[in-house]
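These notes concern the structure reproduced below.
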Amino acid sequence: MTGKRLDYISWDEYFMGVAMLSSLRSKDPNTQVGACIVSSDNKILSMGYNGFPIGCSDDEFPWDRETGENDIDNKYFYSAHSELNAILNYRGGSLEGCKIYVTLFPCNECAKAIIQCGIKEIVYKEDKYADTPGVKASKRMLEASGVKYTLYKSTGREIILKF
């Protein structure tokens, strides 16, 4: 064969693969989420996964989801979502006009950060909390602010890691 290879992956497959790989860094025992922010010319600008802030030991802070009403031993008080981590990890300036690939549809808090930093498009792999008030609010804000969101169309060629 003298021509180029034709079975290469698409940009969407590539960037969602990076988001999926990033999710594997999460130490959360229940939900691992990854994100990848990409410029308009298909350059990876930042990545993130859900976890605790720098300096907060994942051996000392809680991973429990369900605790007493006034109990502070609940991971939700401490963990940062993948989208927020990817936004905060970026050190290059503006994210205006960028696209973010996420393995789980953004919550309302992450939607606020996405909107505020100027990201204009979200490609998400899963929307398992679609019926929750937080995700409904997220979609309402994204639509009002003109941020496009699209379900990732799996080709069945997702990379299986075999190290």
Side-chain angles (χ1 to χ4, degrees), residues 9-54 56 58 61-66 74-159:
I9 62 175
S10 70
W11 286 118
D12 279 351
E13 289 170 307
Y14 179 60
F15 298 132
M16 188 57 75
V18 170
M20 292 168 64
L21 185 61
S22 295
S23 76
L24 297 177
R25 282 287 308 147
S26 174
K27 296 174 186 171
D28 190 313
N30 299 298
T31 305
Q32 301 81 45
V33 182
C36 178
I37 300 175
V38 180
S39 67
S40 59
D41 61 345
N42 293 321
K43 304 290 186 272
I44 294 174
L45 301 178
S46 187
M47 295 166 285
Y49 55 89
N50 57 313
F52 298 139
I54 295 169
C56 296
D58 48 43
F61 281 81
W63 287 108
D64 296 328
R65 295 191 285 189
E66 306 297 327
N74 182 312
K75 72 176 181 179
Y76 297 116
F77 292 124
Y78 308 103
S79 63
H81 288 180
S82 65
E83 304 92 324
L84 184 59
N85 270 330
I87 290 166
L88 296 174
N89 286 339
Y90 183 59
R91 300 286 192 254
S94 175
L95 293 173
E96 192 74 35
C98 289
K99 185 186 292 190
I100 188 167
Y101 288 79
V102 293
T103 58
L104 185 62
F105 196 91
C107 72
N108 60 304
E109 293 299 321
C110 289
K112 293 175 202 176
I114 288 167
I115 293 164
Q116 285 299 99
C117 75
I119 291 173
K120 290 300 178 195
E121 187 172 350
I122 300 166
V123 179
Y124 63 96
K125 186 174 184 296
E126 194 177 357
D127 193 7
K128 69 180 181 180
Y129 300 112
D131 294 328
T132 64
V135 171
K136 288 178 181 179
S138 177
K139 290 177 181 175
R140 184 176 178 186
M141 287 186 288
L142 294 168
E143 289 165 8
S145 62
V147 175
K148 178 182 173 187
Y149 55 88
T150 308
L151 176 63
Y152 170 71
K153 293 170 184 61
S154 174
T155 61
R157 298 189 317 171
E158 280 76 18
I159 297 169

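Note: hydrogens, waters and symmetry copies are ignored here, and every other heavy atom, side chains too, is used.
Looking at residues two or more places apart in sequence or on another chain, you find a salt bridge (Lys or Arg N to Asp or Glu O under 4.0 Å) between K139 and D127. The salt bridge (Lys or Arg N to Asp or Glu O under 4.0 Å) search around K27 returns D58, not counting sequence neighbours. By the side chain to side chain donor-acceptor pair (under 3.5 Å) test, N42 pairs with no residue at all, sequence neighbours left out. Looking at residues two or more places apart in sequence or on another chain, you find no side chain to side chain donor-acceptor pair (under 3.5 Å) involving T31.
D12 places a side-chain heavy atom less than 4.5 Å from the side chain of Y101. For the pair C56/Y78, no side-chain contact is recorded, criterion being any heavy-atom separation below 4.5 Å from C-beta on. Side-chain contact check for F15 versus I44: some heavy-atom pair is nearer than 4.5 Å. The shortest distance between side-chain heavy atoms of L21 and V18 does not fall below 4.5 Å. Looking at heavy atoms from C-beta onward, M16 lies in side-chain contact with V123 at the 4.5 angstrom threshold.
Rounded to the nearest 0.5 angstrom, L95 CG and I87 CD1 are separated by 7.0 Å. L104 CG to S82 OG: the interatomic distance, rounded to the nearest 0.5 Å, is 8.0 Å. Atom NZ of K153 sits about 12.0 Å away from atom OG1 of T155, to the nearest 0.5 Å. Taken to the nearest 0.5 Å, the OG1 atom of T103 stands 7.5 Å off from the CD atom of E126.
The closest side-chain donor-acceptor pair between Y152 and E13, if any, does not fall under 3.5 angstrom. If you check the side chains of S79 and N50, you find no donor sitting under 3.5 Å from an acceptor.
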Subject >> Step-by-step side-chain contact (heavy atoms from CB on, under 4.5 Å) determination, I122 to V102 >> reply: CA-CA 7 Å; I122 300 166; V102 293; 4.0 Å; yes
Subject >> From CA spacing to verdict: side-chain contact (heavy atoms from CB on, under 4.5 Å), Q32, L24 >> reply: CA-CA 7 Å; Q32 301 81 45; L24 297 177; over 6 Å; no
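Within 6.0 Å of OH in Y90 there are more than 12 heavy atoms belonging to other residues, nucleotides or ligands.
Aromatic rings of F52 and W63 (six-membered ring for Trp) have centroids within the 6.0 Å cut-off, being under it.
Using modelled atom types, no side-chain atom of S22 and backbone atom of M47 make a donor-acceptor pair closer than 3.5 Å. A donor-acceptor pair under 3.5 Å is formed between the side chain of N85 and the backbone N or O of Y49. Remark: the backbone N or O of R65 is paired with a side-chain donor or acceptor of N74 at under 3.5 angstrom. A donor-acceptor pair under 3.5 Å links the side-chain atoms of S138 to the main chain of P106, judged by distance alone. Of the possible polar contacts, one joining the S145 side chain to the L142 backbone as a donor-acceptor pair under 3.5 Å is found.
Between C98 and V38, the closest heavy-atom pair is CB-O, 3.3 Å. Across every non-hydrogen atom of H81 and C107, the tightest pair is ND1-SG, 3.4 Å. Taking all atoms of both residues into account, the shortest heavy-atom contact from A86 to G48 is CB-N, 3.7 Å. Residues G134 and N108 share a closest heavy-atom pair of O-CB, 3.3 Å.
A salt bridge (charged side-chain N to carboxylate O under 4.0 Å, His left out) check over residues 75-96, counting only residues at least two apart or in different chains, returns the pairs D28-K75.
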Give every donor-acceptor pair under 3.5 Å between a side-chain atom in residues 110-121 and any protein atom, sequence neighbours left out.
| residue | atom | partner | partner atom | Å |
| --- | --- | --- | --- | --- |
| K112 | NZ | E109 | OE2 | 2.9 |

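Classified by interplanar angle (parallel below 30°, tilted 30° to 60°, perpendicular above 60°), the ring pair Y124/Y149 is tilted.
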